[in-house]
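In this text the structure is predicted, and so the values were computed from the model without any measurement.
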Amino acid sequence: EVEVHDDCGHHGHHDQDESHQGAKGSLLSRSSEVSIMHELRPGKADQAALDAVRMLSFELFECDVWEVISKKNRLKVSSCLRWTGCDWKAIGFGLY
């Protein structure tokens, strides 16, 4: 029998602790597979989710999406993310 250790600390998808409560306001739906977060914005959403979207934007467009988004241009971001057990991984995002 193999014993598995969680190197991510006590974070879990179903029992998220205080560090993920910032995402509650933007979280539209959640399952064991993916979550959809609406109107993500720096300072208003879970930093780990924002970082996941930033990483995906660099992979796709070689730029930081959060440098484009501002209150002036009124662009908003929604994203589909997967909880890995340790952190968020962005699967996709949309600007509108």
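Distance NZ/Lys76 to CZ/Arg74: 8.5 Å, rounded to 0.5 Å. Arg54 contributes atom CZ, which lies 8.0 Å from atom CD of Glu67 (distance to the nearest 0.5 angstrom). Atom OG in Ser70 sits 7.5 Å away from atom CZ in Arg41 (nearest 0.5 Å). Note that CG of Asp87 is 8.0 Å distant from CE of Met55, once rounded to the nearest 0.5 Å.
Residue Ser78 comes nearest to His38 through the heavy atom pair OG-ND1, 2.9 Å, listed as atom of the first residue, atom of the second, then distance. In terms of heavy-atom proximity, Trp66 sits nearest to Leu50 at NE1-O, 3.0 Å. Contact detail for Ala52 and Ala90: the closest heavy-atom pair is O-CB, 3.4 Å.
Criterion: ILVMFWY side-chain heavy atoms under 4.5 Å apart, direct or through other members. Under it, Met37 and Leu56 are part of a common hydrophobic cluster. Both Leu81 and Ile69 belong to a single network of hydrophobic side chains, linked directly or stepwise wherever heavy atoms of I, L, V, M, F, W or Y lie under 4.5 Å apart. Using a 4.5 Å cut-off between side-chain heavy atoms of Ile, Leu, Val, Met, Phe, Trp and Tyr, with links allowed through other members, Phe93 and Tyr96 fall into different hydrophobic clusters. If you chain together hydrophobic residues whose side chains sit under 4.5 Å apart, Leu75 and Val77 fall into the same group. One hydrophobic cluster, built from ILVMFWY side chains closer than 4.5 Å, holds both Leu60 and Trp88.
Between the side chain of Asp64 and the backbone N or O of Ser57, no donor-acceptor pair lies under 3.5 Å. At distances below 3.5 Å, not a single donor-acceptor pair connects side-chain atoms of Ser79 with backbone N or O atoms of Val53.
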